[in-house]
2 protein chains.
Amino acid sequence: MTHKKSNKKQPEPATRAGKGANGPQTRRERVASKEDAIVSAATEMFMARGFAKTTISDIAGKASVAEGTVYLYFANKDALAHAVLAAFYRGLTQKAQAGVVKFETTSDRLAFLARHHLDSIIKNRTILELITITDRDAQSYKGSDLYKMNREYVAVFDGVVREGVWRGEIDDKISLWIFRDIFFGGLEYAMRTILINNRRKDIDQVVSELVQMVTLPTAEQGKAAASISASSSDISKIAARMEKAATRLEEIVADRSANKK
Amino acid sequence: MTHKKSNKKQPEPATRAGKGANGPQTRRERVASKEDAIVSAATEMFMARGFAKTTISDIAGKASVAEGTVYLYFANKDALAHAVLAAFYRGLTQKAQAGVVKFETTSDRLAFLARHHLDSIIKNRTILELITITDRDAQSYKGSDLYKMNREYVAVFDGVVREGVWRGEIDDKISLWIFRDIFFGGLEYAMRTILINNRRKDIDQVVSELVQMVTLPTAEQGKAAASISASSSDISKIAARMEKAATRLEEIVADRSANKK
DNA sequence: TTTCAATCATGAATGATATTCATTATTTCT
DNA sequence: AGAAATAATGAATATCATTCATGATTGAAA
(Lines give C-alpha, C1' and ligand atoms only; values in the text may rest on other atoms or scores of the structure.)
Protein backbone atom coordinates (compact mmCIF):
# COMPACT_ATOMS: atom_id res chain seq x y z
CA MET A 1 0.00 0.00 0.00
CA THR A 2 2.83 2.33 0.74
CA HIS A 3 4.93 1.02 -2.01
CA LYS A 4 4.41 2.39 -5.40
CA LYS A 5 5.66 1.24 -8.76
CA SER A 6 4.35 4.47 -10.16
CA ASN A 7 5.34 6.27 -13.32
CA LYS A 8 2.76 4.32 -15.20
CA LYS A 9 1.74 7.44 -16.95
CA GLN A 10 3.88 10.39 -17.55
CA PRO A 11 2.14 13.27 -19.23
CA GLU A 12 4.77 15.59 -20.55
CA PRO A 13 3.96 19.09 -19.44
CA ALA A 14 7.47 20.34 -20.12
CA THR A 15 7.48 19.20 -23.70
CA ARG A 16 3.98 20.46 -24.19
CA ALA A 17 4.69 23.88 -22.86
CA GLY A 18 8.04 24.26 -24.48
CA LYS A 19 6.90 23.22 -27.89
CA GLY A 20 7.02 25.50 -30.87
CA ALA A 21 8.42 28.98 -31.24
CA ASN A 22 7.24 30.00 -27.78
CA GLY A 23 10.02 27.90 -26.39
CA PRO A 24 10.84 28.60 -22.78
CA GLN A 25 8.33 30.36 -20.60
CA THR A 26 8.57 31.58 -17.09
CA ARG A 27 6.99 29.49 -14.41
CA ARG A 28 4.29 32.09 -14.02
CA GLU A 29 3.46 31.93 -17.72
CA ARG A 30 3.25 28.19 -17.64
CA VAL A 31 1.04 28.33 -14.60
CA ALA A 32 -1.20 30.92 -16.21
CA SER A 33 -1.55 28.90 -19.38
CA LYS A 34 -2.46 25.84 -17.37
CA GLU A 35 -5.11 27.82 -15.60
CA ASP A 36 -6.42 28.92 -18.97
CA ALA A 37 -6.42 25.36 -20.20
CA ILE A 38 -8.51 24.30 -17.22
CA VAL A 39 -10.97 27.13 -17.67
CA SER A 40 -11.26 26.40 -21.38
CA ALA A 41 -11.84 22.73 -20.75
CA ALA A 42 -14.44 23.55 -18.15
CA THR A 43 -16.17 25.96 -20.50
CA GLU A 44 -16.32 23.37 -23.24
CA MET A 45 -17.62 20.66 -20.97
CA PHE A 46 -20.18 22.84 -19.24
CA MET A 47 -21.47 23.97 -22.59
CA ALA A 48 -21.64 20.45 -23.93
CA ARG A 49 -23.12 18.63 -20.96
CA GLY A 50 -24.15 21.26 -18.44
CA PHE A 51 -22.75 21.85 -14.99
CA ALA A 52 -24.27 18.92 -13.12
CA LYS A 53 -23.30 16.29 -15.63
CA THR A 54 -19.73 17.48 -16.04
CA THR A 55 -17.29 15.80 -13.70
CA ILE A 56 -14.00 17.18 -12.48
CA SER A 57 -12.43 14.16 -14.04
CA ASP A 58 -13.87 15.15 -17.43
CA ILE A 59 -12.40 18.59 -17.11
CA ALA A 60 -9.04 17.35 -15.89
CA GLY A 61 -8.89 14.90 -18.76
CA LYS A 62 -9.68 17.50 -21.37
CA ALA A 63 -7.14 19.91 -19.87
CA SER A 64 -4.53 17.12 -19.66
CA VAL A 65 -3.92 17.44 -15.95
CA ALA A 66 -4.66 15.21 -12.99
CA GLU A 67 -7.86 15.68 -11.03
CA GLY A 68 -5.98 16.95 -8.04
CA THR A 69 -4.32 19.62 -10.14
CA VAL A 70 -7.64 21.25 -10.81
CA TYR A 71 -7.88 21.91 -7.08
CA LEU A 72 -4.55 23.69 -7.09
CA TYR A 73 -6.11 26.32 -9.29
CA PHE A 74 -9.72 26.37 -8.15
CA ALA A 75 -11.11 25.79 -4.69
CA ASN A 76 -13.98 23.66 -5.96
CA LYS A 77 -16.35 23.10 -8.82
CA ASP A 78 -18.33 26.22 -8.04
CA ALA A 79 -15.20 28.34 -8.29
CA LEU A 80 -14.63 26.88 -11.72
CA ALA A 81 -18.14 27.86 -12.74
CA HIS A 82 -17.36 31.31 -11.45
CA ALA A 83 -14.23 31.58 -13.56
CA VAL A 84 -16.09 30.43 -16.65
CA LEU A 85 -18.77 33.02 -16.03
CA ALA A 86 -16.20 35.74 -15.50
CA ALA A 87 -14.60 35.03 -18.86
CA PHE A 88 -18.01 35.05 -20.49
CA TYR A 89 -18.91 38.40 -18.94
CA ARG A 90 -15.63 39.94 -20.01
CA GLY A 91 -16.27 39.13 -23.64
CA LEU A 92 -19.88 40.20 -23.42
CA THR A 93 -19.07 43.58 -21.93
CA GLN A 94 -16.21 44.21 -24.28
CA LYS A 95 -18.34 43.56 -27.37
CA ALA A 96 -21.20 45.63 -26.03
CA GLN A 97 -18.95 48.61 -25.39
CA ALA A 98 -17.22 48.32 -28.74
CA GLY A 99 -20.45 47.95 -30.68
CA VAL A 100 -22.75 50.48 -29.15
CA VAL A 101 -20.69 53.48 -30.21
CA LYS A 102 -21.30 52.64 -33.86
CA PHE A 103 -24.95 53.65 -33.64
CA GLU A 104 -26.46 57.05 -33.41
CA THR A 105 -30.08 56.84 -32.33
CA THR A 106 -31.25 55.33 -29.09
CA SER A 107 -33.38 52.82 -30.97
CA ASP A 108 -30.46 51.61 -33.01
CA ARG A 109 -28.26 51.35 -29.97
CA LEU A 110 -30.84 49.39 -28.02
CA ALA A 111 -31.45 47.15 -31.00
CA PHE A 112 -27.76 46.44 -31.19
CA LEU A 113 -27.55 45.66 -27.47
CA ALA A 114 -30.65 43.48 -27.61
CA ARG A 115 -29.38 41.50 -30.56
CA HIS A 116 -25.94 41.13 -29.10
CA HIS A 117 -27.35 39.92 -25.80
CA LEU A 118 -29.84 37.56 -27.36
CA ASP A 119 -27.30 36.07 -29.74
CA SER A 120 -24.84 35.58 -26.92
CA ILE A 121 -27.21 33.94 -24.49
CA ILE A 122 -28.63 31.68 -27.16
CA LYS A 123 -25.19 30.54 -28.12
CA ASN A 124 -24.05 30.20 -24.52
CA ARG A 125 -27.28 29.28 -22.82
CA THR A 126 -25.70 26.68 -20.59
CA ILE A 127 -23.30 29.27 -19.27
CA LEU A 128 -26.26 31.33 -18.11
CA GLU A 129 -27.30 28.42 -15.92
CA LEU A 130 -24.10 28.86 -14.03
CA ILE A 131 -25.39 32.10 -12.59
CA THR A 132 -28.09 30.25 -10.71
CA ILE A 133 -25.53 27.76 -9.48
CA THR A 134 -22.97 30.25 -8.28
CA ASP A 135 -25.23 32.91 -6.80
CA ARG A 136 -26.17 30.93 -3.73
CA ASP A 137 -28.09 33.60 -1.89
CA ALA A 138 -29.29 37.04 -2.82
CA GLN A 139 -27.72 38.66 0.21
CA SER A 140 -24.10 37.78 -0.46
CA TYR A 141 -24.49 38.37 -4.18
CA LYS A 142 -24.29 42.10 -3.74
CA GLY A 143 -20.64 42.97 -3.45
CA SER A 144 -19.54 39.75 -5.12
CA ASP A 145 -17.34 39.59 -8.19
CA LEU A 146 -20.23 38.41 -10.23
CA TYR A 147 -22.28 41.40 -9.17
CA LYS A 148 -19.52 43.77 -10.20
CA MET A 149 -19.14 42.11 -13.58
CA ASN A 150 -22.85 42.33 -14.13
CA ARG A 151 -22.87 46.02 -13.19
CA GLU A 152 -20.11 46.72 -15.67
CA TYR A 153 -22.03 44.98 -18.39
CA VAL A 154 -25.36 46.67 -17.79
CA ALA A 155 -23.61 50.02 -17.42
CA VAL A 156 -23.46 50.08 -21.22
CA PHE A 157 -27.21 49.69 -21.39
CA ASP A 158 -27.74 52.23 -18.63
CA GLY A 159 -25.69 54.79 -20.48
CA VAL A 160 -27.73 54.38 -23.64
CA VAL A 161 -31.00 54.67 -21.76
CA ARG A 162 -29.91 57.74 -19.78
CA GLU A 163 -28.97 59.52 -22.95
CA GLY A 164 -32.18 58.33 -24.59
CA VAL A 165 -34.22 59.83 -21.79
CA TRP A 166 -32.30 63.05 -22.03
CA ARG A 167 -32.92 63.19 -25.76
CA GLY A 168 -36.58 62.49 -25.26
CA GLU A 169 -36.42 59.20 -27.13
CA ILE A 170 -37.30 57.22 -24.03
CA ASP A 171 -40.11 57.75 -21.59
CA ASP A 172 -38.70 59.17 -18.38
CA LYS A 173 -41.59 57.91 -16.31
CA ILE A 174 -40.12 54.40 -16.11
CA SER A 175 -37.25 54.06 -13.65
CA LEU A 176 -33.97 52.91 -15.05
CA TRP A 177 -33.67 49.75 -13.01
CA ILE A 178 -37.13 48.57 -14.00
CA PHE A 179 -36.36 49.40 -17.58
CA ARG A 180 -33.25 47.29 -17.32
CA ASP A 181 -35.01 44.33 -15.76
CA ILE A 182 -37.72 44.39 -18.38
CA PHE A 183 -35.14 44.56 -21.16
CA PHE A 184 -32.85 41.78 -20.02
CA GLY A 185 -35.56 39.69 -18.40
CA GLY A 186 -37.62 39.89 -21.57
CA LEU A 187 -34.63 38.81 -23.63
CA GLU A 188 -33.89 35.84 -21.39
CA TYR A 189 -37.45 34.61 -21.57
CA ALA A 190 -37.52 35.19 -25.31
CA MET A 191 -34.38 33.07 -25.54
CA ARG A 192 -36.19 30.22 -23.83
CA THR A 193 -39.16 30.50 -26.15
CA ILE A 194 -36.93 30.63 -29.19
CA LEU A 195 -35.00 27.56 -28.10
CA ILE A 196 -38.10 25.61 -27.15
CA ASN A 197 -39.63 26.22 -30.55
CA ASN A 198 -36.30 26.08 -32.29
CA ARG A 199 -36.95 29.27 -34.22
CA ARG A 200 -33.77 31.30 -34.40
CA LYS A 201 -35.28 33.38 -37.12
CA ASP A 202 -37.56 35.00 -34.55
CA ILE A 203 -34.57 36.86 -33.14
CA ASP A 204 -35.11 39.82 -35.45
CA GLN A 205 -38.70 40.10 -34.44
CA VAL A 206 -37.94 40.04 -30.72
CA VAL A 207 -35.29 42.71 -31.07
CA SER A 208 -37.50 44.98 -33.08
CA GLU A 209 -40.61 44.62 -30.95
CA LEU A 210 -38.74 44.96 -27.68
CA VAL A 211 -37.08 48.14 -28.86
CA GLN A 212 -40.37 49.43 -30.16
CA MET A 213 -41.99 48.80 -26.83
CA VAL A 214 -39.40 50.63 -24.78
CA THR A 215 -38.81 53.65 -26.99
CA LEU A 216 -41.10 56.51 -27.85
CA PRO A 217 -42.23 56.73 -31.46
CA THR A 218 -40.26 59.06 -33.70
CA ALA A 219 -41.89 61.68 -35.86
CA GLU A 220 -41.44 59.50 -38.94
CA GLN A 221 -43.27 56.59 -37.40
CA GLY A 222 -45.80 58.96 -35.93
CA LYS A 223 -46.56 60.35 -39.32
CA ALA A 224 -47.17 56.92 -40.72
CA ALA A 225 -49.38 56.02 -37.81
CA ALA A 226 -51.27 59.28 -38.11
CA SER A 227 -51.95 58.72 -41.77
CA ILE A 228 -53.35 55.29 -41.07
CA SER A 229 -55.36 55.65 -37.96
CA ALA A 230 -54.38 58.72 -36.03
CA SER A 231 -53.76 56.49 -33.05
CA SER A 232 -54.10 58.73 -30.06
CA SER A 233 -51.55 56.72 -28.13
CA ASP A 234 -48.78 57.34 -30.60
CA ILE A 235 -49.66 60.97 -30.70
CA SER A 236 -49.54 61.28 -26.98
CA LYS A 237 -46.20 59.51 -26.89
CA ILE A 238 -44.86 61.83 -29.54
CA ALA A 239 -46.22 64.73 -27.58
CA ALA A 240 -44.26 63.49 -24.57
CA ARG A 241 -41.12 63.37 -26.62
CA MET A 242 -41.68 66.85 -27.97
CA GLU A 243 -42.42 68.12 -24.52
CA LYS A 244 -39.09 66.80 -23.40
CA ALA A 245 -37.34 68.52 -26.26
CA ALA A 246 -39.02 71.79 -25.42
CA THR A 247 -37.86 71.55 -21.83
CA ARG A 248 -34.32 70.98 -22.93
CA LEU A 249 -34.56 73.93 -25.23
CA GLU A 250 -35.74 76.13 -22.41
CA GLU A 251 -32.90 75.02 -20.22
CA ILE A 252 -30.35 75.80 -22.84
CA VAL A 253 -31.80 79.17 -23.57
CA ALA A 254 -31.85 79.99 -19.88
CA ASP A 255 -28.27 78.85 -19.64
CA ARG A 256 -27.22 81.06 -22.49
CA SER A 257 -28.73 84.20 -21.24
CA ALA A 258 -27.22 83.50 -17.86
CA ASN A 259 -23.79 83.25 -19.44
CA LYS A 260 -24.17 86.39 -21.44
CA LYS A 261 -24.51 88.50 -18.38
CA MET B 1 -68.02 -0.01 -1.85
CA THR B 2 -67.45 -3.47 -3.21
CA HIS B 3 -65.71 -2.23 -6.28
CA LYS B 4 -62.85 -0.36 -4.73
CA LYS B 5 -60.45 -2.12 -6.95
CA SER B 6 -61.80 -0.50 -10.06
CA ASN B 7 -61.16 2.98 -8.77
CA LYS B 8 -57.68 4.00 -9.59
CA LYS B 9 -57.72 7.01 -7.36
CA GLN B 10 -59.87 7.72 -4.38
CA PRO B 11 -59.15 11.12 -2.96
CA GLU B 12 -60.72 11.40 0.45
CA PRO B 13 -60.66 15.05 1.42
CA ALA B 14 -62.75 14.53 4.52
CA THR B 15 -60.15 12.55 6.47
CA ARG B 16 -57.17 14.52 5.41
CA ALA B 17 -55.26 14.81 8.65
CA GLY B 18 -54.19 11.20 8.74
CA LYS B 19 -52.12 10.95 11.86
CA GLY B 20 -53.22 11.16 15.48
CA ALA B 21 -56.76 10.22 16.45
CA ASN B 22 -57.82 9.18 12.96
CA GLY B 23 -57.42 5.48 13.29
CA PRO B 24 -58.78 3.53 10.37
CA GLN B 25 -57.83 4.51 6.87
CA THR B 26 -57.73 2.54 3.74
CA ARG B 27 -54.42 1.48 2.42
CA ARG B 28 -54.84 3.88 -0.44
CA GLU B 29 -55.41 6.77 1.90
CA ARG B 30 -52.34 5.97 3.87
CA VAL B 31 -50.30 5.74 0.72
CA ALA B 32 -51.63 9.03 -0.57
CA SER B 33 -50.95 10.80 2.68
CA LYS B 34 -47.43 9.44 2.73
CA GLU B 35 -46.87 10.77 -0.74
CA ASP B 36 -48.13 14.15 0.41
CA ALA B 37 -45.86 14.01 3.42
CA ILE B 38 -42.86 13.39 1.19
CA VAL B 39 -43.74 16.20 -1.18
CA SER B 40 -44.31 18.58 1.72
CA ALA B 41 -41.03 17.65 3.31
CA ALA B 42 -39.27 18.11 -0.01
CA THR B 43 -40.90 21.49 -0.52
CA GLU B 44 -39.82 22.67 2.90
CA MET B 45 -36.28 21.48 2.51
CA PHE B 46 -35.84 22.80 -1.02
CA MET B 47 -37.13 26.17 0.11
CA ALA B 48 -34.88 26.23 3.13
CA ARG B 49 -31.64 24.95 1.63
CA GLY B 50 -32.13 24.78 -2.12
CA PHE B 51 -32.15 21.71 -4.32
CA ALA B 52 -28.46 20.90 -4.39
CA LYS B 53 -27.94 21.08 -0.66
CA THR B 54 -30.99 19.07 0.25
CA THR B 55 -30.31 15.34 0.61
CA ILE B 56 -32.79 12.55 0.17
CA SER B 57 -31.97 11.60 3.71
CA ASP B 58 -33.06 15.07 4.88
CA ILE B 59 -36.36 14.68 3.11
CA ALA B 60 -36.93 11.13 4.31
CA GLY B 61 -36.17 12.21 7.85
CA LYS B 62 -38.56 15.12 7.75
CA ALA B 63 -41.28 12.93 6.25
CA SER B 64 -40.60 10.18 8.80
CA VAL B 65 -39.89 7.46 6.28
CA ALA B 66 -36.79 5.53 5.31
CA GLU B 67 -34.64 6.74 2.45
CA GLY B 68 -35.62 3.82 0.31
CA THR B 69 -39.28 4.65 0.75
CA VAL B 70 -38.86 7.93 -1.05
CA TYR B 71 -37.94 5.89 -4.12
CA LEU B 72 -41.17 3.93 -3.93
CA TYR B 73 -43.02 7.15 -4.62
CA PHE B 74 -40.61 9.07 -6.82
CA ALA B 75 -38.19 7.74 -9.37
CA ASN B 76 -35.40 10.08 -8.31
CA LYS B 77 -34.58 13.47 -6.87
CA ASP B 78 -35.53 15.22 -10.07
CA ALA B 79 -38.97 13.66 -10.02
CA LEU B 80 -39.41 15.05 -6.54
CA ALA B 81 -38.50 18.49 -7.77
CA HIS B 82 -41.04 18.01 -10.52
CA ALA B 83 -43.77 17.14 -8.03
CA VAL B 84 -42.95 20.17 -5.92
CA LEU B 85 -43.11 22.38 -8.97
CA ALA B 86 -46.39 20.87 -10.07
CA ALA B 87 -47.99 21.68 -6.72
CA PHE B 88 -46.63 25.19 -6.92
CA TYR B 89 -48.00 25.72 -10.42
CA ARG B 90 -51.42 24.40 -9.43
CA GLY B 91 -51.77 26.99 -6.69
CA LEU B 92 -50.39 29.73 -8.89
CA THR B 93 -52.78 29.06 -11.73
CA GLN B 94 -55.74 28.64 -9.47
CA LYS B 95 -55.19 31.98 -7.75
CA ALA B 96 -54.56 33.75 -11.04
CA GLN B 97 -57.80 32.45 -12.53
CA ALA B 98 -59.81 33.26 -9.44
CA GLY B 99 -58.38 36.75 -9.07
CA VAL B 100 -58.36 38.09 -12.56
CA VAL B 101 -62.11 38.03 -12.99
CA LYS B 102 -62.49 40.58 -10.22
CA PHE B 103 -61.05 43.34 -12.37
CA GLU B 104 -62.57 45.17 -15.23
CA THR B 105 -59.93 47.07 -17.19
CA THR B 106 -56.97 45.49 -18.87
CA SER B 107 -54.59 47.59 -16.82
CA ASP B 108 -56.14 46.46 -13.56
CA ARG B 109 -56.10 42.84 -14.64
CA LEU B 110 -52.48 42.98 -15.69
CA ALA B 111 -51.59 44.77 -12.48
CA PHE B 112 -53.27 42.01 -10.52
CA LEU B 113 -51.45 39.31 -12.46
CA ALA B 114 -48.13 41.10 -12.13
CA ARG B 115 -48.50 41.55 -8.41
CA HIS B 116 -49.67 38.01 -7.88
CA HIS B 117 -46.77 36.63 -9.89
CA LEU B 118 -44.18 38.84 -8.26
CA ASP B 119 -45.43 38.12 -4.75
CA SER B 120 -45.45 34.40 -5.45
CA ILE B 121 -42.00 34.17 -6.94
CA ILE B 122 -40.51 36.33 -4.22
CA LYS B 123 -41.99 34.12 -1.56
CA ASN B 124 -41.06 30.92 -3.39
CA ARG B 125 -37.94 31.99 -5.17
CA THR B 126 -36.10 28.74 -4.51
CA ILE B 127 -38.90 26.81 -6.13
CA LEU B 128 -38.33 28.76 -9.32
CA GLU B 129 -34.79 27.38 -9.39
CA LEU B 130 -36.25 23.96 -9.76
CA ILE B 131 -37.42 24.82 -13.26
CA THR B 132 -33.83 25.13 -14.42
CA ILE B 133 -32.99 21.85 -12.75
CA THR B 134 -35.87 19.84 -14.14
CA ASP B 135 -35.97 21.23 -17.67
CA ARG B 136 -32.85 19.45 -18.83
CA ASP B 137 -32.98 20.37 -22.47
CA ALA B 138 -35.13 22.72 -24.44
CA GLN B 139 -36.12 20.07 -26.94
CA SER B 140 -37.81 17.64 -24.60
CA TYR B 141 -39.37 20.43 -22.56
CA LYS B 142 -42.06 20.96 -25.14
CA GLY B 143 -44.68 18.32 -24.53
CA SER B 144 -43.59 17.77 -20.95
CA ASP B 145 -45.87 18.06 -17.95
CA LEU B 146 -44.09 21.18 -16.89
CA TYR B 147 -44.69 22.74 -20.25
CA LYS B 148 -48.38 22.00 -20.02
CA MET B 149 -48.64 23.44 -16.53
CA ASN B 150 -46.86 26.54 -17.67
CA ARG B 151 -49.17 26.90 -20.63
CA GLU B 152 -52.19 26.65 -18.37
CA TYR B 153 -50.81 29.33 -16.14
CA VAL B 154 -49.90 31.80 -18.84
CA ALA B 155 -53.22 31.15 -20.57
CA VAL B 156 -54.74 33.47 -17.97
CA PHE B 157 -52.36 36.21 -19.01
CA ASP B 158 -52.88 35.48 -22.69
CA GLY B 159 -56.63 35.81 -22.29
CA VAL B 160 -56.31 39.20 -20.65
CA VAL B 161 -53.95 40.46 -23.34
CA ARG B 162 -56.10 39.18 -26.20
CA GLU B 163 -59.10 40.94 -24.83
CA GLY B 164 -57.00 44.03 -24.17
CA VAL B 165 -55.91 44.12 -27.79
CA TRP B 166 -59.49 43.65 -28.92
CA ARG B 167 -60.58 46.52 -26.71
CA GLY B 168 -57.78 48.72 -27.97
CA GLU B 169 -56.12 48.93 -24.59
CA ILE B 170 -53.03 47.12 -25.78
CA ASP B 171 -50.89 47.76 -28.84
CA ASP B 172 -51.57 45.07 -31.41
CA LYS B 173 -48.21 45.55 -33.08
CA ILE B 174 -46.41 43.48 -30.42
CA SER B 175 -46.92 39.74 -30.79
CA LEU B 176 -48.49 37.95 -27.89
CA TRP B 177 -45.57 35.64 -27.15
CA ILE B 178 -43.11 38.48 -27.03
CA PHE B 179 -45.47 40.40 -24.85
CA ARG B 180 -45.62 37.44 -22.52
CA ASP B 181 -41.88 36.98 -22.35
CA ILE B 182 -41.33 40.64 -21.60
CA PHE B 183 -43.97 40.56 -18.89
CA PHE B 184 -42.82 37.46 -17.04
CA GLY B 185 -39.15 37.90 -17.82
CA GLY B 186 -39.29 41.45 -16.55
CA LEU B 187 -40.97 40.30 -13.37
CA GLU B 188 -38.42 37.60 -12.73
CA TYR B 189 -35.54 39.99 -13.14
CA ALA B 190 -37.29 42.55 -10.99
CA MET B 191 -37.65 39.87 -8.34
CA ARG B 192 -33.89 39.39 -8.35
CA THR B 193 -33.24 43.10 -8.05
CA ILE B 194 -35.74 43.42 -5.23
CA LEU B 195 -34.21 40.53 -3.33
CA ILE B 196 -30.66 41.70 -3.87
CA ASN B 197 -31.47 45.12 -2.52
CA ASN B 198 -33.95 43.76 -0.02
CA ARG B 199 -36.59 46.28 -0.98
CA ARG B 200 -39.98 44.60 -0.98
CA LYS B 201 -41.63 47.95 -1.01
CA ASP B 202 -40.54 48.40 -4.62
CA ILE B 203 -43.10 45.80 -5.65
CA ASP B 204 -45.80 48.42 -6.17
CA GLN B 205 -43.57 50.47 -8.37
CA VAL B 206 -42.59 47.53 -10.55
CA VAL B 207 -46.18 46.51 -11.04
CA SER B 208 -47.33 49.97 -11.94
CA GLU B 209 -44.48 50.79 -14.30
CA LEU B 210 -44.58 47.44 -16.04
CA VAL B 211 -48.29 47.78 -16.66
CA GLN B 212 -47.81 51.32 -17.83
CA MET B 213 -45.17 50.21 -20.28
CA VAL B 214 -47.21 47.44 -21.84
CA THR B 215 -50.57 49.17 -22.07
CA LEU B 216 -51.62 52.03 -24.25
CA PRO B 217 -52.44 55.28 -22.51
CA THR B 218 -56.00 55.40 -21.24
CA ALA B 219 -58.70 57.41 -22.90
CA GLU B 220 -58.14 60.19 -20.37
CA GLN B 221 -54.49 60.49 -21.26
CA GLY B 222 -55.21 60.07 -24.93
CA LYS B 223 -57.93 62.67 -24.88
CA ALA B 224 -55.57 65.24 -23.47
CA ALA B 225 -53.17 64.61 -26.30
CA ALA B 226 -55.89 64.46 -28.89
CA SER B 227 -57.50 67.68 -27.74
CA ILE B 228 -54.46 69.55 -28.97
CA SER B 229 -54.95 68.34 -32.46
CA ALA B 230 -57.30 69.73 -35.00
CA SER B 231 -56.56 66.94 -37.42
CA SER B 232 -54.12 64.12 -37.65
CA SER B 233 -52.33 65.62 -40.60
CA ASP B 234 -51.70 68.78 -38.65
CA ILE B 235 -50.29 66.71 -35.86
CA SER B 236 -47.90 64.92 -38.16
CA LYS B 237 -46.73 68.21 -39.63
CA ILE B 238 -46.13 69.62 -36.21
CA ALA B 239 -44.35 66.46 -35.20
CA ALA B 240 -42.05 66.64 -38.19
CA ARG B 241 -41.28 70.27 -37.46
CA MET B 242 -40.55 69.53 -33.82
CA GLU B 243 -38.41 66.61 -34.78
CA LYS B 244 -36.26 68.82 -36.99
CA ALA B 245 -35.96 71.35 -34.22
CA ALA B 246 -34.92 68.65 -31.80
CA THR B 247 -32.25 67.39 -34.16
CA ARG B 248 -30.88 70.88 -34.64
CA LEU B 249 -30.89 71.32 -30.91
CA GLU B 250 -28.99 68.12 -30.40
CA GLU B 251 -26.34 69.21 -32.83
CA ILE B 252 -25.88 72.45 -31.00
CA VAL B 253 -25.57 70.73 -27.68
CA ALA B 254 -23.11 68.17 -29.01
CA ASP B 255 -21.07 70.96 -30.52
CA ARG B 256 -20.97 72.80 -27.26
CA SER B 257 -19.82 69.99 -25.07
CA ALA B 258 -17.11 69.26 -27.63
CA ASN B 259 -15.89 72.86 -27.40
CA LYS B 260 -15.89 72.87 -23.65
CA LYS B 261 -13.19 70.23 -23.50
C1' DT C 1 -59.63 -16.27 13.08
C1' DT C 2 -56.00 -17.95 10.15
C1' DT C 3 -53.35 -17.76 6.13
C1' DC C 4 -51.17 -16.02 2.17
C1' DA C 5 -50.20 -13.36 -1.85
C1' DA C 6 -49.71 -8.74 -2.78
C1' DT C 7 -47.96 -4.42 -1.21
C1' DC C 8 -45.23 -1.50 1.30
C1' DA C 9 -41.15 -0.26 4.02
C1' DT C 10 -36.56 -0.62 5.49
C1' DG C 11 -31.67 0.49 5.74
C1' DA C 12 -27.41 -1.61 4.49
C1' DA C 13 -24.83 -2.12 0.13
C1' DT C 14 -23.39 -0.01 -4.24
C1' DG C 15 -21.67 3.29 -7.35
C1' DA C 16 -20.55 7.77 -8.76
C1' DT C 17 -18.21 11.98 -7.67
C1' DA C 18 -16.22 15.94 -5.28
C1' DT C 19 -12.49 16.83 -2.49
C1' DT C 20 -8.24 15.82 0.27
C1' DC C 21 -3.63 14.48 1.08
C1' DA C 22 0.64 11.89 1.26
C1' DT C 23 3.96 11.27 -2.14
C1' DT C 24 6.62 12.33 -6.22
C1' DA C 25 8.33 15.46 -9.85
C1' DT C 26 9.98 19.79 -11.45
C1' DT C 27 11.83 24.29 -11.12
C1' DT C 28 14.44 27.92 -9.03
C1' DC C 29 18.05 29.56 -6.28
C1' DT C 30 22.49 29.39 -4.16
C1' DA D 1 25.14 20.12 -8.07
C1' DG D 2 22.07 20.19 -4.02
C1' DA D 3 18.49 22.23 -1.31
C1' DA D 4 14.31 24.63 -0.94
C1' DA D 5 10.21 25.90 -3.05
C1' DT D 6 6.66 24.99 -5.97
C1' DA D 7 3.68 22.09 -8.80
C1' DA D 8 1.51 17.75 -10.01
C1' DT D 9 -0.23 13.38 -9.17
C1' DG D 10 -3.67 9.84 -8.25
C1' DA D 11 -5.05 6.87 -4.58
C1' DA D 12 -7.84 7.45 -0.44
C1' DT D 13 -11.83 9.50 1.75
C1' DA D 14 -16.41 11.41 2.32
C1' DT D 15 -20.85 12.32 0.74
C1' DC D 16 -24.75 11.34 -1.55
C1' DA D 17 -28.20 9.27 -4.91
C1' DT D 18 -29.93 5.07 -5.97
C1' DT D 19 -30.64 -0.07 -5.62
C1' DC D 20 -31.90 -4.27 -3.58
C1' DA D 21 -32.33 -8.22 -0.54
C1' DT D 22 -35.06 -8.82 3.29
C1' DG D 23 -38.75 -8.18 6.41
C1' DA D 24 -43.31 -6.18 7.84
C1' DT D 25 -48.12 -5.09 6.90
C1' DT D 26 -52.42 -5.53 4.74
C1' DG D 27 -56.85 -7.23 2.83
C1' DA D 28 -59.64 -10.75 2.12
C1' DA D 29 -60.43 -15.68 1.06
C1' DA D 30 -61.08 -19.84 3.47
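Since the structure is predicted, the reported quantities are computational estimates derived from the model, not experimental observations.
The distance between atom CG of B/N76 and atom P of C/dG15, rounded to the nearest whole Å, is 19 Å. Put simply, NZ on B/K53 is 18 Å from C1' on D/dA17, counting in whole angstrom units.
Nearest to the side chain of B/Y73, among C/dA18, C/dC8, D/dA17, sits C/dC8. With distances taken from any side-chain atom of A/I56 to the nucleotides C/dA18, C/dA9, D/dT9, the minimum falls on C/dA18. When distances run from any side-chain atom of B/E67 to the nucleotides D/dA8, C/dT19, D/dT18, the shortest one goes to D/dT18.
For the pair B/K34 and B/Y73, the NZ or CZ position fails the cation-pi test of under 6.0 Å to the six-membered ring centre and within 45 degrees of the ring normal.
A salt bridge links B/R115 with B/D204: at least one charged nitrogen is closer than 4.0 Å to a carboxylate oxygen.
The only option from A/F112, A/W177, A/F184 that meets the ring-ring contact (aromatic ring centres under 6.0 Å, His included) definition with A/F157 turns out to be A/F184.
OP1 and OP2 of C/dT10 both lie 4.0 Å or more from every side-chain N or O belonging to B/Y71. Of the side-chain N and O atoms in B/T55, none sit less than 4.0 angstrom from OP1 or OP2 of D/dC16. Between A/K34 and the phosphate of D/dA8, there is a side-chain N or O to OP1/OP2 separation shorter than 4.0 Å.
Minimum heavy-atom separation, B/R180 to B/R151: NH1-NH1, 3.7 Å.
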